[in-house]
Amino acid sequence: MKLIFDTYQPNYAQAFKQLNLHWLEQFFVVEPHDDEVLSDPDRFIIQPGGEILVALFDHKVVGVVALMPDDHGIFEMTKMAVDASLRGQKIGQQLLRYTLDFAQQKGLDRLLLYSNRKLENAIYLYRKFGFEEIPLEHPNPYARADIKMEIRF
């Protein structure tokens with residue numbers, strides 16, 4: 001599947017929210033922090049200096065991921081989601097590769113992510129691309145998180 005990648009535009013906001021709500025509701029619950037970020041990505045991701053990357057196929061958003069800075073300027077890779085009807089077509093792999101290349105081109109030296117071991121395919125993909133497990137702080141931003149990973153460039 002040949003994807004086209006783009007950075008966030010306001011017309012992508014609804015797809016960003018819907019793709020993420022789908023997997024959150026399927027596997028977990030939508031936490032208040034998720035709802036805030038997904039309802040106003042410009043305020044919580046873009047304005048503080050983050051990015052939202054979008055994978056398009058046939059002019060339709062089929063994958064999304066955000067790079068969200070924390071208070072220390074460290075970027076969290078978060079809100080990665082792929083259209084459920086298109087899973088298994090390596091969209092996640094292409095999006096992750098694009099995201100890592102994008103982060104390096106932006107001069108970032110590392111990315112963090114929080115996940116849950118229940119998402120075995122996602123954890124496998126992160127490890128495949130070089131993410132390593134690091135200690136998970138308590139409290140952390142997500143009640144569902146039971147693993148924290150990092151990749152250094």
For the residue pair L53 and V64, establish whether any side-chain heavy-atom pair is separated by less than 4.5 Å.
no

Rounded to the nearest 0.5 Å, how far does CG of L111 lie from OG1 of T78?
11.5 Å

Non-hydrogen atoms of I45 and V37 that approach each other most closely
CD1-CG1, 3.6 Å

Using the rule that Ile, Leu, Val, Met, Phe, Trp and Tyr join whenever any side-chain heavy atoms are under 4.5 Å apart, tell me whether F129 and V65 fall into a single cluster.
yes

Take S115 and M149 through the side chain to side chain contact (heavy atoms under 4.5 Å, CB included) test and state the conclusion after the steps.
CA-CA 8 Å; S115 193; M149 301 179 86; 5.7 Å; no

Minimum-distance pair of heavy atoms, taken over all atoms of A145 and L136:
O-CD2, 3.6 Å

Does H72 offer a backbone N or O that forms a donor-acceptor pair with the side chain of D70 under 3.5 Å?
yes

Side-chain touch Y126/M77, heavy atoms, less than 4.5 angstrom
yes

Shortest non-hydrogen separation from F153 to L108 and the atoms involved
CD1-O, 3.2 Å

Under a 4.5 Å cut-off applied to non-hydrogen side-chain atoms, are L19 and V61 in contact?
yes

Do M68 and Y98 sit in the same hydrophobic cluster, where Ile, Leu, Val, Met, Phe, Trp and Tyr count as joined when their side-chain heavy atoms come under 4.5 Å apart?
no

With H33 as reference, evaluate Y142, F44, Y114 under the ring pair (Phe, Tyr, Trp, His ring centres under 6.0 Å) test and give the passing residue.
Y142

Could you measure the distance from the CG atom of L38 to the CD atom of E31? Nearest 0.5 Å is fine.
11.0 Å

N20 side chain vs K79 backbone, donor-acceptor pair below 3.5 Å:
yes

Out of the candidates Q18, H22, K60, only one should pair with D83 under the side chain to side chain donor-acceptor pair (under 3.5 Å) rule; please name it.
K60

Give the cluster check for V54 versus F16: same hydrophobic cluster or not, with ILVMFWY residues linked at side-chain heavy-atom distances below 4.5 Å.
yes

Mind listing the closest non-hydrogen atom pair of I46 and I52 along with its distance?
CD1-N, 3.9 Å

When rounded to the nearest 0.5 angstrom, what distance separates CD1 in I151 from CG in L113?
9.5 Å

Is it the case that atom CG in N121 sees more than 12 heavy atoms from other parts of the structure closer than 6.0 Å?
no

T99 versus F5: any side-chain heavy-atom pair under 4.5 Å?
no

Can you name the nearest heavy-atom pair linking P48 to R43, along with the distance?
CD-O, 3.3 Å

Neighbour count >12 (heavy atoms, 6.0 Å) for atom CD, E120
no

Mind checking whether M80 and L96 have side chains closer than 4.5 Å, heavy atoms only?
yes

Applying side chain to side chain contact (heavy atoms under 4.5 Å, CB included) to W23 and V82, what does each step give before you reach the verdict?
CA-CA 9 Å; W23 78 263; V82 171; over 6 Å; no

Okay, side chain of K118, backbone of F27: is any donor-acceptor separation there less than 3.5 Å?
yes

Quick one: NE2 on H59 to CD1 on I4, what's the gap to the nearest 0.5 Å?
6.5 Å

Could you work out, with side-chain hydrogen bond (donor to acceptor under 3.5 Å, both in side chains) as the rule, every residue matching D42, not counting sequence neighbours?
Q47

Over all atoms of both residues, closest heavy-atom pair of L95 and G63
CD2-C, 3.8 Å

Under 3.5 Å, is there a donor-acceptor pair between the side chain of E150 and the main chain of F131?
no

How many angstroms lie between CD in E36 and CG in D40, if you round to the nearest 0.5 Å?
9.0 Å

With sequence neighbours left out, the residues meeting side-chain hydrogen bond (donor to acceptor under 3.5 Å, both in side chains) with R117 are E133

Under 4.5 Å between any side-chain heavy atoms of V29 and L24, yes or no?
no

Under a 4.5 Å side-chain heavy-atom rule over Ile, Leu, Val, Met, Phe, Trp and Tyr, are V30 and F28 clustered together?
yes

Rounded distance [0.5 Å steps], CG in D146 versus CG in N140
9.5 Å

Considering only heavy atoms from C-beta outward, does the side chain of I74 approach that of P69 to under 4.5 Å?
no

Between E132 and R152 (salt bridge meaning N to carboxylate O under 4.0 Å), is one present in this structure?
no

Closer than 4.0 angstrom, basic N to acidic O: yes or no for R144 and D34?
yes

Hey, are the side chains of F102 and T7 touching, using non-hydrogen atoms and a 4.5 Å cut-off?
yes

Report yes or no: do F57 and I91 belong to one cluster of Ile/Leu/Val/Met/Phe/Trp/Tyr joined by side chain heavy-atom distances under 4.5 Å?
yes

